[in-house]
Structure formats: C-alpha cells, structure tokens
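Have a look at the structure below, then the notes.
Along the sequence shown, residues are numbered consecutively beginning with 1. None of these values were measured; they are calculated from a predicted model.
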Amino acid sequence: MTEMPGDGAFANATPAPAQAAPIGMRQIGALNDIAGSGGQVLLDTAVVESYLNDADPVLASAGSVGGQLKIRLGGTWLIANVRSLKLTDAGVLAQIDFLGEGDEERLTGKLYRFRRGVTRYPVPGSAAFPVSTADLKQIYAADDRAHIEIGTVYPTRDIRAALYVDAMLGKHFALLGSTGTGKSTSAALILHRICELAPQGHIVMVDPHGEYSAAFDGNGAIFDVSNLQMPYWLMNFEEHCEVFLTTTGNEAQIDKDILAKCLLAARGKSRLGQEIAKLTVDAPIPYLLSDLTNLIQLEMGKMDRAGDTAPYLRLRTKIDEIKADPRYGFMFSGMLVADTMQDFIARIFRLPGDGKPISIIDVSGVPNEITSVVVAVLSRMVFDFAIWSRNEPQRPILLICEEAHRYIPNERNADGSSVGKILSRIAKEGRKYGVSLGLITQRPSDLAEGVLSQCGTIISMRLNNDRDQAFVRAAMPEGARGFLASIPALRNRECIICGEGVAIPIRVAFDGLEESKRPASADPIFSDLWRETGGEDQIIDRTIRRWRSQGR
C-alpha cells in the first residue's frame with residue numbers, strides 16, 4: 001500500500017488510487033492536472049524536505065526544479081522533469097514535462113527498458129514518486145549505437161552522458177554559450193572524442209582566432225597562411241566578384257559583365273579549359289591572373305570613348321593590387337597556377353586521414369577583407385565535392401564553423417556575402433549529400449533565421465542575453481522547454497543537450513580535458529600578469545617587427 005503522507009499541502013490533493021510504492025520510496029505528490037506534453041503535481045512538502053539531505057544527489061533533488069519524478073501507469077513508469085514550482089493556496093504545485101516511459105520491474109518496482117515519448121497518459125490523482133539513481137542509469141544508459149561520452153549527467157556523480165554520433169552529425173548540431181562559459185574547451189572535448197572514435201574520419205574546422213591549433217597538434221593537420229596554399233582559381237564567379245569588385249549599384253553590374261566575359265575566356269585558354277565542351281565561368285579551371293588582366297586590357301582597347309574604359313581600369317587596378325600585396329600570397333601567388341586541386345582536396349578533407357582526421361584552418365592571419373571569401377571557398381568545396389562524388393564510395397565530411405554568427409548573419413546584419421549563402425544551403429541540404437555542419441557561436445540571435453532550427457542537436461551552455469535565450473527557446477523541441485529555465489543559471493562547463501544526439505534532453509557537466517588538448521583560449525590572469533616586469537623593450541621590438549612584416 002502507498003505510504004500515506006502526514007499533514008501538509010498534500011492533504012488537499014485528490015486522493016490517489018491505491019498503488020504499491022517502489023521499495024524504499026515514499027510518495028512525494030499526486031498528479032493534479034494533465035495535458036499533452038506535461039501536467040502539474042501537487043507536492044507533499046514534508047516528504048520533499050525529508051529527501052533534501054539524502055546522500056544520493058538524485059533523491060536530494062526530488063521535487064526541485066530540474067529534478068525528475070515518476071508516475072506509475074499500469075505496468076509502466078512515466079518519467080517527467082520538473083520545470084517550475086509555484087506556491088498556491090492548495091500547496092506547492094510542480095509544473096512537469098513528460099520525457100518518456102519505461103517498464104516496471106515487478107519485484108523491485110524499478111525502471112527498465114526506457115523509451116522516449118508517451119503512449120498512455122495517467123489520470124489526475126495518480127501518485128508521483130522520486131526517481132532513483134538506478135532509474136536514471138536505465139534512462140541515460142547508452143544503447144548499442146556509436147556514441148561518445150562527454151561528461152556526467154546532472155545531478156548524478158557517475159552516470160555518463162552519451163552523444164550518439166551518427167544521429168548528431170547526420171542532422172547537424174550547434175554548440176552555444178556566452179563568452180567565458182568554457183565553450184571552446186567543450187568544443188575541443190567533443191571533437192577529440194569524435195576523433196578517437198573515428199581516427200579515419202574527415203573533419204574540417206574553420207578557426208577564426210587561431211585557438212585550436214594547439215589543441216589538435218597531435219591528431220590533426222594545421223593549416224594557416226603559411227601552408228594553406230589555396231589557389232585563387234578555385235573561386236566561383238560570385239566569389240571572384242567579392243574579391244575584385246569595388247563598386248555597387250549599376251556600376252557593379254557593368255563590372256560583373258566585364259569580369260564574367262574575361263574570366264570565362266581566361267579559363268578557356270588553359271589546356272583543361274579547352275578540353276571541356278561547355279565551360280562555365282564557375283568551373284574550377286586553373287588560369288593565369290596575367291591572362292585575365294591582358295583580356296581586360298584587350299576589351300578596354302575596343303572602347304571608343306575614354307569614359308567607357310573606367311570599369312576596365314578599376315578591375316585591372318584591383319587585380320594588380322591584390323597580386324602585389326604579400327598578405328594575399330597564400331591565395332594569389334604565381335606559384336598556385338598549376339592544377340593542384342586533387343592534392344588540395346586530399347590535404348584539407350583528410351582523404352586519407354592517416355590518423356589525423358581533423359583539419360584546423362586557422363584564418364586569423366587572413367586579411368579581414370577576404371576572410372569571408374576564404375571560408376566561402378572552403379565551405380563550398382566541401383558541399384560541391386559531396387555533390388559531384390555521389391556515385392563514388394561515400395566519404396562524409398563534418399564542417400565545423402567557429403564564431404558562426406560572423407559567417408551566417410541574420411537579415412539585419414547580412415551583406416549578401418557568398419559564405420552566408422553556402423552555409424545556409426549546407427544547413428538545409430547538406431545531410432542529403434553526407435555533409436554535416438557544426439555551428440559554434442556565442443550569439444545565436446545573430447545567426448540567419450532558420451539555420452539554428454536546422455540543427456538536430458543543440459548543446460546550450462550558459463547564455464546571459466535575453467534575445468539569445470529566446471532564440472534558443474524557439475529552436476528547441478517542445479519536450480526540452482523545461483530545461484530552458486536553467487540555461488542562465490548553468491555553471492561554467494555545464495550544458496543542456498537536446499535533440500537527435502541524445503535519448504532525452506539532459507543537463508551535463510563536461511569532463512575535464514588534458515592541458516595539451518585544450519585550445520589556446522584561456523583568459524589572462526590580470527592580477528598575476530600585472531606583477532611581472534622586465535624585458536618590455538624586447539617585447540615591443542619583436543612585436544613591431546612581426547606587425548610590420550604581417551607575421552612573416
């Protein structure tokens with residue numbers, strides 16, 4: 001028989017049907033109200049308080065916000081998460097969200113064979129009991145799907161949190177968190193675990209601040225302006241326009257027409273271009289920049305009036321300026337004319353990986369004016385390679401975009417850049433072609449509308465901004481709404497995970513990461529560093545030399 005609670009708020013609840021309590025458990029409330037995705041439980045505050053000092057942290061959180069409870073329904077247990085608490089005349093009401101259900105072990109009353117979703121609903125008056133650690137082990141136990149362990153489930157000490165890799169990567173994921181919450185270290189942890197699981201994988205990470213090179217020095221290939229060697233002729237026509245055009249409006253359209261005509265002719269002059277019957281201006285065919293400027297000069301000579309030559313002069317001057325600028329040497333060097341496309345794809349996409357499955361593309365040294373174009377070329381090549389290799393043995397690629405709000409801006413911040421278009425397309429269509437997108441950002445509200453909602457798994461660390469919280473709330477599935485209230489209160493290196501990559505929404509404390517595997521993103525310790533003195537002259541001298549030579 002159910003143990004009857006003492007005096008208190010619970011005495012006002014609708015009497016519960018006679019039910020056997022799980023061994024060692026006391027009823028902590030009764031279902032007062034029910035709806036499709038949740039309901040309300042009137043708590044017995046005396047019983048809830050009696051659990052507060054329990055040595056088991058799971059039982060200690062029974063009846064509190066973020067805790068779980070279970071409601072018996074025939075031979076099954078219905079599991080729910082406590083979203084909020086409210087004091088009423090009747091007592092303390094807990095707003096709950098249903099997570100799933102599991103079968104009941106007849107002898108002990110414990111839970112086993114947990115599954116997501118609800119097939120039958122209880123009636124008002126049904127008794128509610130605290131969830132035990134043994135129950136949570138059943139709920140969060142990883143099944144036989146490929147998975148990685150990234151931390152510990154809150155509020156337990158030893159139940160491991162698992163991410164299902166195929167489900168997470170198959171439908172994209174996003175890692176969100178305000179500055180200083182441990183986002184970079186958590187991203188490195190997840191990627192290290194994936195690399196350990198799949199040492200022959202194919203991961204490309206765009207690193208705008210040069211943080212991750214140190215973290216993946218042992219198991220990744222590191223590329224920056226010194227060794228990236230990305231040929232300029234890999235750009236499509238739209239990307240050429242972003243680099244070479246300086247005008248807007250009607251003038252820009254005139255410049256585009258001239259560039260399209262001359263670029264197509266320059267590509268057609270090469271041996272590869274001559275072998276293709278219907279060559280397009282977007283085809284990645286090597287050409288000489290000198291051929292392009294000569295063709296522009298030739299077209300300019302056909303003009304009758306001096307005023308008509310202005311667009312040609314603009315284009316030729318801009319191309320000559322970029323060729324002469326050493327900052328652009330990693331992309332516009334005269335040494336990058338040969339057909340190195342196969343070698344470039346093999347190096348960047350880790351085909352084969354040779355035990356180093358991740359490429360870190362450090363774009364911190366790339367001139368700011370063309371950073372977006374470089375990211376656009378890399379992203380588009382990932383997508384185009386997946387499209388044109390559909391009849392080949394599949395080699396899925398994971399593209400990680402750090403500081404994603406810089407490259408996929410919303411309509412308010414958009415400037416029509418090609419990188420935003422290609423990343424948005426990958427978010428919508430990539431999974432059909434074996435391209436997975438991982439977005440890492442501190443400002444989800446600055447992302448393009450709809451992109452975050454395309455991410456099947458959302459890993460949210462602490463977010464301090466109301467707009468960011470609202471944006472995440474709109475993207476999260478209905479069953480995870482109860483976890484959202486805790487996002488502003490998460491500690492560093494804690495997160496809420498929901499979506500395809502987990503069995504049910506969970507709160508996780510991330511594992512620690514060895515010093516050698518952490519990104520170089522630690523905050524400076526002002527109180528210590530400001531005590532150090534000496535050698536300032538040499539510091540300034542070395543810095544100025546690097547500054548003037550732009551790092552060379």
Side-chain angles (χ1 to χ4, degrees), residues 3 5-6 8-13 16 21-22 24-34 37-72 77-100 111 114 122 126-140 151-159 161 460-462 469 476 479-491 494-498 504-509:
E3 182 177 330
F10 181 54
N12 297 319
M25 295 292 178
R26 288 179 291 167
Q27 180 179 339
I28 63 169
L31 192 64
N32 200 43
D33 180 55
I34 187 161
S37 60
Q40 290 182 342
V41 169
L42 187 61
L43 294 176
D44 181 347
T45 51
V47 176
V48 171
E49 288 173 3
S50 72
Y51 278 118
L52 285 177
N53 296 318
D54 198 284
D56 185 341
V58 177
L59 291 177
S61 66
S64 62
V65 172
Q68 282 89 27
L69 48 81
K70 58 185 181 181
I71 300 165
R72 183 185 277 110
W77 282 113
L78 197 60
I79 307 300
N81 186 70
V82 178
R83 182 198 302 187
S84 63
L85 298 174
K86 183 180 181 181
L87 182 63
T88 66
D89 293 338
V92 176
L93 279 177
Q95 192 75 32
I96 63 171
D97 297 301
F98 296 131
L99 298 176
L111 176 83
F114 177 81
S126 297
F129 297 92
V131 166
S132 67
T133 298
D135 293 333
L136 287 188
K137 285 181 178 176
Q138 286 291 321
I139 293 170
Y140 296 118
T152 307
V153 175
Y154 174 89
T156 71
R157 299 189 184 99
D158 58 355
I159 297 179
S460 180
M461 306 183 78
R462 188 173 67 250
Q469 293 170 24
M476 276 194 173
R481 298 292 173 88
F483 288 83
L484 287 169
S486 61
I487 285 180
L490 292 173
R491 296 175 296 181
E494 274 195 346
C495 69
I496 302 295
I497 309 178
C498 67
I504 60 171
I506 50 174
R507 178 173 171 177
V508 176

Problem set entry | Residue among Asp135, Leu78, Ile139 satisfying side-chain contact (heavy atoms from CB on, under 4.5 Å) with Lys70 | Asp135

Problem set entry | Min side-chain heavy-atom separation Thr156-Tyr140 under 4.5 Å | no

Exercise. How long is the span from the CD1 atom in Ile96 to the CZ atom in Arg83, to the nearest 0.5 Å?
Worked result: 10.5 Å

Exercise. Heavy atoms, side chains only, cut-off 4.5 Å: are Val58 and Gln68 in contact?
Worked result: no

Exercise. Asn81 and Gly66: which non-hydrogen atoms are nearest, and at how many Å?
Worked result: OD1-O, 3.4 Å

Problem set entry | Between OG1 on residue Thr45 and CG on residue Leu85, distance to nearest 0.5 Å | 11.5 Å

Exercise. Between Pro155 and Pro57, which heavy-atom pair has the shortest distance, and what is it?
Worked result: O-CB, 3.2 Å

Seminar exercise, completed: Between the CG atom in Leu31 and the CD1 atom in Ile71, the distance rounded to the nearest 0.5 Å is 4.5 Å

Exercise. Can you name the closest pair of heavy atoms from Arg26 and Tyr51 and give their distance?
Worked result: N-OH, 3.1 Å

Exercise. With sequence neighbours excluded, what pairs up with Thr133 under the side chain to side chain donor-acceptor pair (under 3.5 Å) test?
Worked result: Asp56

For this session: State, to 0.1 Å, how close Lys137 and Asp158 come at their nearest heavy-atom pair, and which atoms those are.
Result: NZ-OD2, 4.1 Å

Problem set entry | Ile504 side, atom CD1; Phe98 side, atom CZ - distance, nearest 0.5 Å | 14.0 Å

For this session: For Arg462 and Pro488, work out which heavy atoms get closest and say how close.
Result: CD-O, 3.4 Å

Exercise. Under a 4.0 Å N-O cut-off, is there an ion pair linking Glu494 with Arg507?
Worked result: yes

Exercise. Can you tell me how far CG of Asp33 sits from CG of Leu93, rounded to the nearest 0.5 angstrom?
Worked result: 9.0 Å

Exercise. What are the two closest heavy atoms between Gly151 and Val508, and how far apart are they?
Worked result: CA-CG1, 4.0 Å

Exercise. What distance separates Trp77 CH2 from Arg72 CZ, expressed to the nearest 0.5 Å?
Worked result: 3.5 Å

